[in-house]
Trainee: 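Have a look at the structure that comes next, please.
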Amino acid sequence: MANFAKSRVPRFSAEVYQNPYLPEGGREVHAIVTVTATGGGTTGGRPVPVAGTGGPDAGVVIMVDCSGSMDHPPAKLRGAREATAAALDTVRDGVGFAVVAGTHRAVEVYPGGGRLAAAGADTRAQAKEALRTLTAGGGTAIGSWLRLTGRLLSSAEAGIRHAILLTDGRNEHESPRELRDALDACSGSFTCDARGVGTDWEVKEVTGIASALLGTADIVADPAGLTADFTRMMEAAMGKEVADVGLRLWTPLGAETVFVKQVAPTVEDLTGRRRESGPRSADYPTGSWGDESRDYHLCLRVPAAGIGQEMLAGRVSLIFSAPDGDPAQSPPQPLSQGLVRALWTDDVAASTSINPQVAHYTGQAELAQAIQQGLDARKSGDTDGATAKLGRAVQLAGSSGNEETAKLLAKVVDVVDTATGTVRLKAKVAEADEMTLETRSTKTVRVKK
C-alpha cells in the first residue's frame, strides 16, 4: 500500500451576479456564477502519493494521426513528431504517459503493454526514439484511438487524466455513431484537447470531440506551429491539480432548471450532461482545474409569487464528483457555494433591469451562435442569411469588446459599420481563415470592469 502525504484542501470560491427582482407573476431567474480556484498544489482533499511510493498524480496520452494524408505534405507528420517530443519534455517527472499512433486502428507507440510509463530522462529518450518509427499510412477511425487512450489512462490510478489528439482529416473509417459511442464511453474518464492540422479536417468533428471530453479545440493551419501549440497544451495539463469537479445545483420544490452553460472562457452548454445527485439536485461536470476562473450562466424557472415575496431560487455548489456516480461514496462536502434569489416587486425599473454580467454573456452566446449559423449559411450558398448572421456577429463582437473574434470576422467579411452590423461577404476567403473563425467561435471575453 502506498504511503500518503497529508491531503490539502483546494480553495474554491463562487460569486453570484444577478438581478433578483421579478415582476408580479414573473418566473424566470438568470444568474452568472463566477467560480475561482486558487492555491497551487491542491489535490481536492484526496491523499497525495509521496514521491517514489505510489502511482503517478497525473496521466497523459498523446494521440498522433498517422493516416496516409499525414504525408501530404510530409511536414505534417514531421511536425507532429517534433511537437510530441516537445510535449514530452514538458511532462513532469513521475507523471504517467503514453503515445498512440492513430489510423483506421489504434497502436501503442510507447511504452506498450497496455500501460503508462513514468516520465523521466530515460523514458522520454526512449519515447522520442519510438517516435522515429512513425510512418503515414491507412485511414482514420478516431473512436478507436479514444477507446485505447481510455484503457491506458484507466490502467494507472492517476488523479488527473488528460489526452491530446491531433488529426488532419475526417473520421472516414468508422460511422458517426461509432465515434459518438466512443465519446460516450470516454466521457468522465479523461479530458481531451483536440487539434486539427492543415485544412482537410472537419471542424464540427474536432470541436465535438473536445466538447464531449471537456477539453479545448483549435486549428493549427501550418504544421510549423504544432510544437508551440503542443507545448502550451501540455503546460496547461501539467497545471491541473484538481480532477472531477462538479457543479451541483439544488432547486426548491416547484422550481426547475432551464439551462446551465459555461460562458467563459468558452461557451459550452452543460444542460444535457445533468446527473441527478439527490432530491431536487443535480451535478454538471466541469472537468479538471488548476489556478483559474470560469463563469457559468444559470437559468431557473420558479413558481410565480406575489409582490413582496422572496424565495431561494437555487443553490450552486462546487463538489468532487464520485467516480461513476458510486453510491457507496460518502456525500461530497461542498468546496464553495452561492445562492440565487428571487424577489417579486412592483418597481418596474428594478424588475426590468438586466444584470451587466447576464447581459454580457447572453450576447457572447448569441455571438457564437451567429458565427456558426452565418458560416453554415455561407457554405450552403445562402448569401443573404450569411450576411445577416455574420453582420450581427460583427455587431456583438464590437459591442462586447471581443477584439480577437472581431479580427477573425474581418477576414471573412468586409466591415462597413460595426455599430449597425453592416457587412459584405468577401468574394474570396482563405479556407484556413474560415475554419479558424468557426473553431474559435465559442471563445469569449469577460465583462469589462
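Numbering of residues begins at 1 and proceeds along the displayed sequence.
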Trainee: Between Lys76 and Asp168, is the closest basic N to carboxylate O distance under 4.0 Å?
Mentor: yes
Trainee: Would you check if Val197 and Thr167 make a side-chain contact, meaning some heavy-atom pair closer than 4.5 Å?
Mentor: no
Trainee: Could you check if a side-chain atom of Met234 sits within less than 4.5 angstrom of a side-chain atom of Ile164, using non-hydrogen atoms only?
Mentor: yes
Trainee: Do Glu438 and Lys379 sit within salt-bridge range, that is, some charged N less than 4.0 Å from a carboxylate O?
Mentor: yes
Trainee: Got a salt bridge between Asp181 and Arg177, using NZ or NE/NH1/NH2 to carboxylate O under 4.0 Å?
Mentor: yes
Trainee: Indicate yes or no: at least one non-hydrogen side-chain atom of Arg195 is less than 4.5 angstrom from one of Thr216.
Mentor: yes
Trainee: Please report the interatomic distance CD(Gln369) to CZ(Arg392), rounded to the nearest 0.5 Å.
Mentor: 11.0 Å
Trainee: Going by atom types only, do His173 and Thr140 share a side-chain donor-acceptor pair under 3.5 Å?
Mentor: no
Trainee: Roughly how far apart are Thr149 OG1 and Leu213 CG, rounded to 0.5 Å?
Mentor: 10.0 Å
Trainee: I'd like to check Leu22 versus Ser351 (side-chain heavy atoms, cut-off strictly below 4.5 Å). Are they in contact?
Mentor: no
Trainee: Apply the side-chain contact (heavy atoms from CB on, under 4.5 Å) test between His297 and each candidate in Val263, Asp269, Val33, Val267; give the one that qualifies.
Mentor: Val263
Trainee: Can you name the closest pair of heavy atoms from Ala350 and Thr345 and give their distance?
Mentor: CB-CG2, 4.4 Å
Trainee: Looking just at side-chain N and O atoms, do Ser441 and Gln372 make a donor-acceptor pair shorter than 3.5 Å?
Mentor: yes
Trainee: With a 6.0 Å cut-off (strictly less than), is the heavy-atom count around CD1 of Ile354, excluding the residue itself, greater than 12?
Mentor: no
Trainee: Are Arg232 and Glu235 close enough for a salt bridge, meaning some N to O gap below 4.0 Å?
Mentor: no
Trainee: Would you call Glu434 and Lys411 a salt bridge, taking side-chain N to carboxylate O under 4.0 Å as the test?
Mentor: no
Trainee: Hey, does Thr286 have a side-chain heavy atom less than 4.5 Å from the side chain of Leu214?
Mentor: no
Trainee: Identify whether the distance between the nearest side-chain nitrogen and carboxylate oxygen of Glu205 and Arg170 falls below 4.0 Å.
Mentor: no
Trainee: Looking only at side chains, do Ser293 and Arg446 share a donor and an acceptor under 3.5 Å apart?
Mentor: yes
Trainee: Just by modelled atom types, is the Thr418 backbone N or O under 3.5 Å from a matching donor or acceptor in the Thr422 side chain?
Mentor: no
Trainee: Working to the nearest 0.5 Å, report the span between OG of Ser277 and CH2 of Trp250.
Mentor: 12.5 Å
Trainee: Nearest 0.5 Å please: distance from the CZ atom of Arg161 over to the CG atom of Leu152.
Mentor: 13.5 Å
Trainee: Does Glu292 come within less than 4.0 Å of Lys240, counting only side-chain N to carboxylate O?
Mentor: yes
Trainee: For the residue pair Asp347 and Tyr21, confirm or rule out a side-chain donor-acceptor distance under 3.5 Å.
Mentor: no
Trainee: Is any side-chain heavy atom of His72 closer than 4.5 Å to a side-chain heavy atom of Asp200?
Mentor: no
Trainee: So Phe97 and Tyr110, would you call those rings parallel, tilted or perpendicular, with 30° and 60° as cut-offs?
Mentor: parallel
Trainee: Working to the nearest 0.5 angstrom, can you tell me the gap between Thr84 OG1 and Leu88 CG?
Mentor: 6.5 Å
Trainee: Under a 4.0 Å N-O cut-off, is there an ion pair linking Asp376 with Lys204?
Mentor: yes
Trainee: Would you please say whether a donor-acceptor pair under 3.5 Å links the side chains of Asp65 and Ser67?
Mentor: yes
Trainee: Could you report the tightest heavy-atom contact between Ser144 and Glu174, atom names first, then the distance?
Mentor: N-OE1, 3.8 Å
Trainee: State, to 0.1 Å, how close Arg274 and Thr257 come at their nearest heavy-atom pair, and which atoms those are.
Mentor: NH1-OG1, 3.7 Å
Trainee: With no hydrogens and no angle check, just 3.5 Å: does a side-chain donor-acceptor pair link Gln364 and Ser400?
Mentor: yes
Trainee: Could you walk me through whether Glu310 and Trp344 pass the side-chain contact (heavy atoms from CB on, under 4.5 Å) test, one step at a time?
Mentor: CA-CA 6 Å; Glu310 183 176 2; Trp344 285 264; 5.8 Å; no
Trainee: Step by step, would you call Val61 with Leu116 a side-chain contact (heavy atoms from CB on, under 4.5 Å)?
Mentor: CA-CA 8 Å; Val61 175; Leu116 303 181; 4.0 Å; yes
Trainee: One thing to verify: whether Asp89 and Lys128 come together as a salt bridge, which I'm taking to mean a side-chain N less than 4.0 angstrom from a carboxylate O.
Mentor: yes
Trainee: Please report the C-alpha distance between Leu131 and Val99 in whole Å, then the side-chain angles of each, then the deciding distance to 0.1 Å, and finally whether the side-chain contact (heavy atoms from CB on, under 4.5 Å) criterion is met.
Mentor: CA-CA 9 Å; Leu131 289 174; Val99 179; 4.0 Å; yes
Trainee: Lys443 versus Glu404: any side-chain heavy-atom pair under 4.5 Å?
Mentor: no
Trainee: Taking it one step at a time, do Arg180 and Glu178 satisfy salt bridge (Lys or Arg N to Asp or Glu O under 4.0 Å)?
Mentor: CA-CA 5 Å; Arg180 171 49 54 189; Glu178 287 175 305; over 6 Å; no
Trainee: Side chains of Thr38 and Asp291 only: does a donor on one sit below 3.5 Å from an acceptor on the other?
Mentor: no
Trainee: Go through Ser399 and Gln395 one step at a time and tell me if the side chain to side chain donor-acceptor pair (under 3.5 Å) criterion holds.
Mentor: CA-CA 6 Å; Ser399 63; Gln395 185 181 39; over 6 Å; no
Trainee: Do you know which of Val242, Val35, Thr36 makes side-chain contact (heavy atoms from CB on, under 4.5 Å) with Leu318?
Mentor: Val35
Trainee: Looking only at heavy atoms, which two atoms of Ile62 and Phe230 are closest? And how far apart?
Mentor: CG2-CE2, 4.0 Å
Trainee: Determine, for Arg273 against Glu268, whether the closest basic-nitrogen to carboxylate-oxygen distance falls under 4.0 angstrom.
Mentor: yes
Trainee: Between Val316 and Tyr296, is there a side-chain heavy-atom distance shorter than 4.5 Å?
Mentor: no
Trainee: Counting neighbours of CD on Glu403 that are heavy atoms of other residues, nucleotides or ligands and sit closer than 6.0 Å, is the number greater than 12?
Mentor: no
Trainee: Of the non-hydrogen atoms in Leu367 and Ala393, which two are nearest, and what is the gap between them?
Mentor: CD1-O, 3.2 Å
Trainee: Parallel, tilted or perpendicular, judged at 30° and 60°: which one describes the rings of Phe320 and Phe12?
Mentor: perpendicular
Trainee: Considering non-hydrogen atoms only, spot the tightest contact between Leu134 and Arg81 and give its length.
Mentor: O-NH2, 2.8 Å
Trainee: With side chain to side chain donor-acceptor pair (under 3.5 Å) as the criterion, how do Asn355 and His360 come out once you've worked through the C-alpha distance, each side chain's angles and the decisive distance to 0.1 Å?
Mentor: CA-CA 9 Å; Asn355 176 270; His360 174 81; over 6 Å; no
Trainee: Just verifying a value: how many Å separate Leu409 CG and Asp414 CG, rounded to the nearest 0.5 Å?
Mentor: 12.0 Å
